[in-house]
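Data block below; observations after.
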Amino acid sequence: MPSTAVYPGSFDPITNGHLSILNRGLEVFDKIIVSILNNPQKKSLFTVEERLEMLKEVLSGKTNVEVDTFDGLLVDYAQGRNCNVILRGIRAMSDFEYEFQMALMNRRLNRDIQSIFLMTDYKWFYISSTIIKEAASFGGDISGLVPEVVCRRLKEKFGHIPLRC
Ligand code: PNS
C-alpha cells in the first residue's frame, strides 16, 4: 500500500518554508495531502478559498500531492482519509514546545496516528507566514521567500503599499 501523510496547517499563506517541508516529505512518503484548517474563529489574512487557490496553483505540477481542507480534530480527519501519519515541520527550538504539545494530545486522542517531524532547510529557518505578512503589510521586501502567486496575492491584499517581491 502506498504511504500517505497529511501535512496540515493554516497556510495563511504558504511560504517557501512550507514547500521545503513538503518536498522533503515527498522523499519519504508516496503521497502527501496538504490540508488547510478551516477555522472561522482564527483570524486570517486570506480566506480558506483563497488559500486553497494559492496551494492549488503552487502545487499544480506535483502529481503525488493533494490539496484539501478540514475542520474539527486533525486526527479524525486523518483517519477519515485513511492516513496514519501527520507531517509537521520544525524550524527553531521555539516550534518545539507547541509541536510537542500538539503531538502528545493527538496521540492521546488517537494512538493509531503517528506525528512525524521534518526540519526545514536552513534558508527558511526564520520565516513564517506571520512574519511574511507583517513585512508585506509595511511594504518590506519578501522576494524569494514565498512562491510567485503568493507574492501577487499579497500585493493585491496590501494594494495601497508598494510591495517589493
Ligand atoms: O499552521 P498551523 O497554524 O501551525 O497549524 C496548526 C494545525 C492546523 C495543525 C492545528 O491547529 C490543528 O490540527 N487544528 C485542528 C484541531 C486539532 O486537532 N488540534 C490538535 C489537538 S487538540
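Just follow the structure's listing: the first ligand is 1, and inside any ligand the first atom is 1. This chain uses plain numbering: 1 for the first residue, then up along the sequence.
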*Which residue and heavy atom of the protein sit nearest atom 3 (O) of ligand 1, plus the separation*: S10 OG, 2.5 Å
*Can you tell me which residue and heavy atom of the protein come closest to atom 10 (C) of ligand 1, and the distance to 0.1 Å?*
M102 SD, 3.7 Å
*With no hydrogens and no angle check, do the side chains of S35 and R81 hold a donor and an acceptor under 3.5 Å apart?*
no
_Run Q79 and N110 through side-chain hydrogen bond (donor to acceptor under 3.5 Å, both in side chains) and show every step you take._
CA-CA 9 Å; Q79 194 160 49; N110 188 328; 3.2 Å; yes
_Heavy atom of protein inside 4.0 Å of atom 5 (O) of ligand 1, strictly below_ = yes
*Of all the non-hydrogen atoms in the protein, which one sits nearest to atom 14 (N) of ligand 1, and at what distance?*
L37 CD2, 3.7 Å
*Would you mind checking which non-hydrogen protein atom is closest to atom 22 (S) of ligand 1, with the distance to 0.1 Å?*
M105 CG, 3.9 Å
*Kindly confirm or rule out an N or O of L74 lying under 3.5 angstrom from an N or O of ligand 1.*
yes
*With sequence neighbours left out, write down each residue that passes side-chain hydrogen bond (donor to acceptor under 3.5 Å, both in side chains) with K43, or none if nothing qualifies.*
none
*With backbone taken as N, CA, C and O and side chain as the heavy atoms from C-beta onward, which portion of K42 lies under 4.0 Å from ligand 1: side chain, backbone, both, or neither?*
side chain
*Does a donor on one side chain and an acceptor on the other come within less than 3.5 Å for D71 and Y77?*
no
*asked:* Hydrophobic clustering (ILVMFWY, side-chain heavy atoms < 4.5 Å, transitive) - are L55 and I86 grouped together?
replied: no
*To which protein heavy atom is atom 7 (C) of ligand 1 closest, and what is the distance rounded to 0.1 Å?*
R88 NH1, 4.3 Å
*asked:* With a 6.0 Å cut-off on the ring centroids, do F11 and Y7 count as close?
replied: yes
*Is it true that Y77 lies under 4.0 Å from ligand 1, counting heavy atoms only?*
no
*asked:* Suppose we measure from atom 11 (O) of ligand 1 to each protein heavy atom; which comes out shortest, and what is that distance?
replied: Y98 OH, 3.8 Å
*Please identify which atoms of ligand 1 are closer than 4.0 Å to at least one heavy atom of N106.*
20 (C), 21 (C)
_So, using side-chain hydrogen bond (donor to acceptor under 3.5 Å, both in side chains) as the criterion, who are the partners of T130 when residues are at least two apart?_
none
*Do any N or O atoms from the side chain of K133 and from the backbone of S128 form a donor-acceptor pair under 3.5 angstrom?*
no
*Protein contact of atom 16 (C) of ligand 1 - nearest heavy atom, named by residue and atom, plus distance*: G72 O, 3.5 Å
